[in-house]
Colleague: 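If you scroll down you'll find the structure; I have some questions about it.
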Amino acid sequence: MRQLQWGILSTAGIARKAMIPAIQAAPNARLTAIASESGKAGDVAAEYGIPLAHNSFRHLLEDPDVEAVYVPLPNHLHARWACEAARHGKHVLCEKPAALTREEARTMQATCDQAGVALMEGYMYRHHPQHARAREIMDSGEIGEVRQVRGLFCFPLDLGAENIRLSREAAGGSLHDVGCYPLDVLRRLLGMPEAVTVVGRVPDALGVDTSVSGILRYADGRLAEFAASFEQTMLNRYEVIGTRGRLLLSAAFRPDKQGGVGELVITDEQGRTRREWVHGDQYPAQIEAFSAWALGEGPAPDIPSELLDQATLLEACRHSLKMGGTVILAAPE
């Protein structure tokens, strides 16, 4: 089997905890290099058995043996380094949120298209098979016509500690860190809304949101709700409510926290429930799907408009939170 040769820009925690093992586990991928500008690349390479360590991102991008890069840098650096990687002819898997604005998304996509390389935003949860099963249940009509979707992702974070998630300069905050997940679900299931209204808590000492809640309104009258927080116990779920029943995914975004098992709870009109369990490993699945696409041996995992639509929705939510009112989204182009 042909293997896509990977490099990683940064020794960030998500790379060490999840993505290095994922690339090494995917049958059509091989991790050949890692880079850091803080001097940590050598130690991480030695710990994980990575052949090459570079002391700058540019050195890795100039490495002819690297065909694709994973970008887990702080949010405000995603667009810059994704574009730089594309200009060096590398396929790009960029950690979410890949683009913070509609303009960033356009620039990233145009740069990658011009370079002839693949670009994908790293929403690993999409690659767990529980979501395909959820779609089958919805398409079967078992819960009737879908009228509302609710998504929630929160976990407790020490707000007094130094953490990149709490950095205003690095575009931190709960909306960008975890709120983007339920937003992605709502958008993928219902499409782009016509309006968003978001409220939240933004401590003066931090300057970033630590909790947010929002409502998405659709032109046909449907509603969707999402919430995210650094100030609540761990929850990561979404619920799809139909005219004849409802469907709950209780570990929608981090099933890896419970051994890779996703739970689907289906409730009918009489309140009777049944449960299904779906097992998968979303991180290697993401790498395998992206690698197959980049190698020309599989379909694109996402449609081309995903990046632009998600950035547009995030930007509208951020604007609503800042201004304290409803934001009307422009009609799709």
Colleague: Check the side chains of Y125 and N236 for a donor-acceptor pair under 3.5 angstrom, ignoring hydrogens and angles.
Modeller: no

Colleague: Using the side chain to side chain contact (heavy atoms under 4.5 Å, CB included) rule, take T267 and R272 through it: C-alpha gap first, then chi angles, then the decisive distance, then the call.
Modeller: CA-CA 5 Å; T267 305; R272 296 171 300 197; over 6 Å; no

Colleague: Run the numbers on L313 and D309 for side chain to side chain contact (heavy atoms under 4.5 Å, CB included), then give the verdict.
Modeller: CA-CA 6 Å; L313 185 53; D309 286 348; over 6 Å; no

Colleague: Mind checking whether T210 and L159 have side chains closer than 4.5 Å, heavy atoms only?
Modeller: yes

Colleague: Around atom CD of Q270, are there more than 12 heavy atoms from other residues, nucleotides or ligands closer than 6.0 Å?
Modeller: yes

Colleague: So how far is it from C83 SG to Q109 CD, rounded to the nearest 0.5 Å?
Modeller: 10.0 Å

Colleague: Determine the minimum heavy-atom distance between V196 and C317, stating which atoms define it.
Modeller: CG2-N, 4.0 Å

Colleague: Please confirm whether the ring centroid of Y238 lies under 6.0 Å from the ring centroid of H131.
Modeller: yes

Colleague: Quick one: SG on C94 to CG on L73, what's the gap to the nearest 0.5 Å?
Modeller: 8.0 Å

Colleague: Please examine the side chains of I8 and W6, heavy atoms only from C-beta on, and report whether any two atoms are closer than 4.5 Å.
Modeller: no

Colleague: Just by distance, do the side chain of Q24 and the backbone of Y48 share a donor-acceptor pair under 3.5 Å?
Modeller: yes

Colleague: Just by distance, with hydrogens left out, do S320 and T197 show a side-chain donor and acceptor under 3.5 Å apart?
Modeller: no

Colleague: Below 4.0 angstrom, N of the basic side chain to O of the carboxylate: do E276 and R133 qualify?
Modeller: yes

Colleague: Keeping R16 on the side-chain end and T11 on the backbone end, is there a donor-acceptor pair under 3.5 Å?
Modeller: yes

Colleague: Would you say I303 ends up clustered with M192 if hydrophobic residues are merged whenever their side chains have heavy atoms under 4.5 Å apart, either directly or through other cluster members?
Modeller: no

Colleague: For residues L183 and L249: do they belong to one hydrophobic cluster (side chain heavy atoms under 4.5 Å, members Ile, Leu, Val, Met, Phe, Trp, Tyr)?
Modeller: yes

Colleague: Whether the R222 and Q148 side chains hold a donor-acceptor pair (N or O, under 3.5 Å, no angle test) is what I'd like checked.
Modeller: no

Colleague: First locate atom CZ of F226, then atom SG of C180, and finally report the distance between them rounded to the nearest 0.5 Å.
Modeller: 10.0 Å

Colleague: Salt bridge or not between E84 and K90? Use side-chain N to carboxylate O under 4.0 Å.
Modeller: no

Colleague: Got V212 and L321 here, is their nearest side-chain heavy-atom distance under 4.5 Å?
Modeller: yes

Colleague: Going by an N to O cut-off under 4.0 Å, is there a salt bridge joining D43 and K40?
Modeller: no

Colleague: To the nearest 0.5 Å, how far apart are CG in L248 and CG in L264?
Modeller: 8.5 Å

Colleague: Donor-acceptor check, side chain of E315 to backbone of R102, threshold 3.5 angstrom: yes or no?
Modeller: yes

Colleague: Heavy atoms, side chains only, cut-off 4.5 Å: are L4 and N28 in contact?
Modeller: no

Colleague: Tell me, do H127 and F290 make a side-chain contact under 4.5 Å, heavy atoms counted?
Modeller: no

Colleague: Return yes if some donor-acceptor pair links the side-chain N/O of Q5 with the main-chain N/O of A29 below 3.5 Å, else return no.
Modeller: no

Colleague: Using modelled atom types only, decide if a donor and an acceptor are shared between the side chain of E104 and the backbone of L100 within a distance under 3.5 Å.
Modeller: yes

Colleague: Please report the interatomic distance CZ(R106) to OG1(T312), rounded to the nearest 0.5 Å.
Modeller: 7.0 Å

Colleague: Between R244 and E145, is there a side-chain N and carboxylate O pair less than 4.0 Å apart?
Modeller: no

Colleague: Report yes if the side chains of I143 and V240 come closer than 4.5 Å at any heavy-atom pair, otherwise no.
Modeller: yes

Colleague: Under a 4.0 Å threshold between the charged nitrogen and the carboxylate oxygen, would R246 count as salt-bridged to E239?
Modeller: yes

Colleague: Please report the shortest heavy-atom distance between L314 and H176, naming the atom on each side.
Modeller: CD2-CD2, 4.2 Å

Colleague: Does atom NE2 of H279 have more than 12 heavy-atom neighbours, drawn from other residues, nucleotides or ligands, at distances under 6.0 Å?
Modeller: yes

Colleague: What heavy-atom pair brings A115 and A86 nearest, and what distance separates the two atoms?
Modeller: CB-O, 3.2 Å

Colleague: Charged N to carboxylate O below 4.0 Å: is that the case for R275 and E263?
Modeller: yes

Colleague: Taking all non-hydrogen atoms of both residues, which atom of R147 and which atom of D220 are closest, and how far apart?
Modeller: NH2-O, 3.9 Å

Colleague: Please check this pair: side chain of H59 against backbone of N55, looking for a donor-acceptor N/O pair closer than 3.5 Å.
Modeller: no

Colleague: Do L52 and I34 make a side-chain contact, defined as non-hydrogen atoms from C-beta onward lying under 4.5 Å apart?
Modeller: no

Colleague: Can you give me the closest heavy-atom contact between A170 and H76, atom names plus distance?
Modeller: CA-ND1, 3.2 Å

Colleague: Spell out, as yes or no, whether a donor-acceptor pair under 3.5 Å connects the side chain of Q130 to the backbone of G262.
Modeller: no

Colleague: Hydrophobic clustering (ILVMFWY, side-chain heavy atoms < 4.5 Å, transitive) - are I287 and Y70 grouped together?
Modeller: yes

Colleague: Using a 3.5 Å distance criterion without hydrogens, assess whether the side chain of H91 forms a donor-acceptor pair with backbone atoms of A118.
Modeller: yes

Colleague: Walk me through whether R254 and M234 qualify under side chain to side chain contact (heavy atoms under 4.5 Å, CB included).
Modeller: CA-CA 10 Å; R254 294 301 306 273; M234 175 70 174; 4.0 Å; yes

Colleague: Could you tell me whether R58 and E37 make a salt bridge, using a distance below 4.0 angstrom between a side-chain N and a carboxylate O?
Modeller: no

Colleague: Do side-chain atoms of H78 reach the backbone of P97 as a donor and acceptor pair under 3.5 angstrom?
Modeller: yes

Colleague: For Q286 and Y123, does a side-chain donor sit closer than 3.5 Å to a side-chain acceptor?
Modeller: no

Colleague: Are L119 and V117 co-members of a hydrophobic cluster defined by side-chain heavy atoms under 4.5 Å apart?
Modeller: no

Colleague: Charged N to carboxylate O under 4.0 angstrom, R126 versus D302?
Modeller: yes

Colleague: Please tell me whether E231 and S211 have a donor and an acceptor in their side chains that are separated by less than 3.5 angstrom.
Modeller: yes

Colleague: Ion pair present between R318 and D209, side-chain N to carboxylate O less than 4.0 angstrom?
Modeller: no

Colleague: I'd like to know if the side chain of H54 and the backbone of A41 have a donor-acceptor N/O pair within less than 3.5 Å.
Modeller: no

Colleague: Do D184 and R187 touch side chain to side chain, with heavy atoms closer than 4.5 Å?
Modeller: yes

Colleague: For A251 versus V261, what's the shortest heavy-atom pair and its separation?
Modeller: CB-O, 4.4 Å

Colleague: Going only through I, L, V, M, F, W and Y residues with side-chain contacts under 4.5 Å, is there a path from I164 to L166?
Modeller: no

Colleague: Starting at CG of D281, measure out to OH of Y283 and round the result to the nearest 0.5 Å.
Modeller: 9.5 Å

Colleague: L247 vs V265, test: side chain to side chain contact (heavy atoms under 4.5 Å, CB included). Steps then yes/no.
Modeller: CA-CA 6 Å; L247 168 65; V265 183; over 6 Å; no

Colleague: Using a cut-off of 6.0 Å, state whether more than 12 heavy atoms not belonging to Q114 lie near its atom CD.
Modeller: no

Colleague: Mind checking whether F57 and W81 have ring centres under 6.0 Å apart?
Modeller: yes

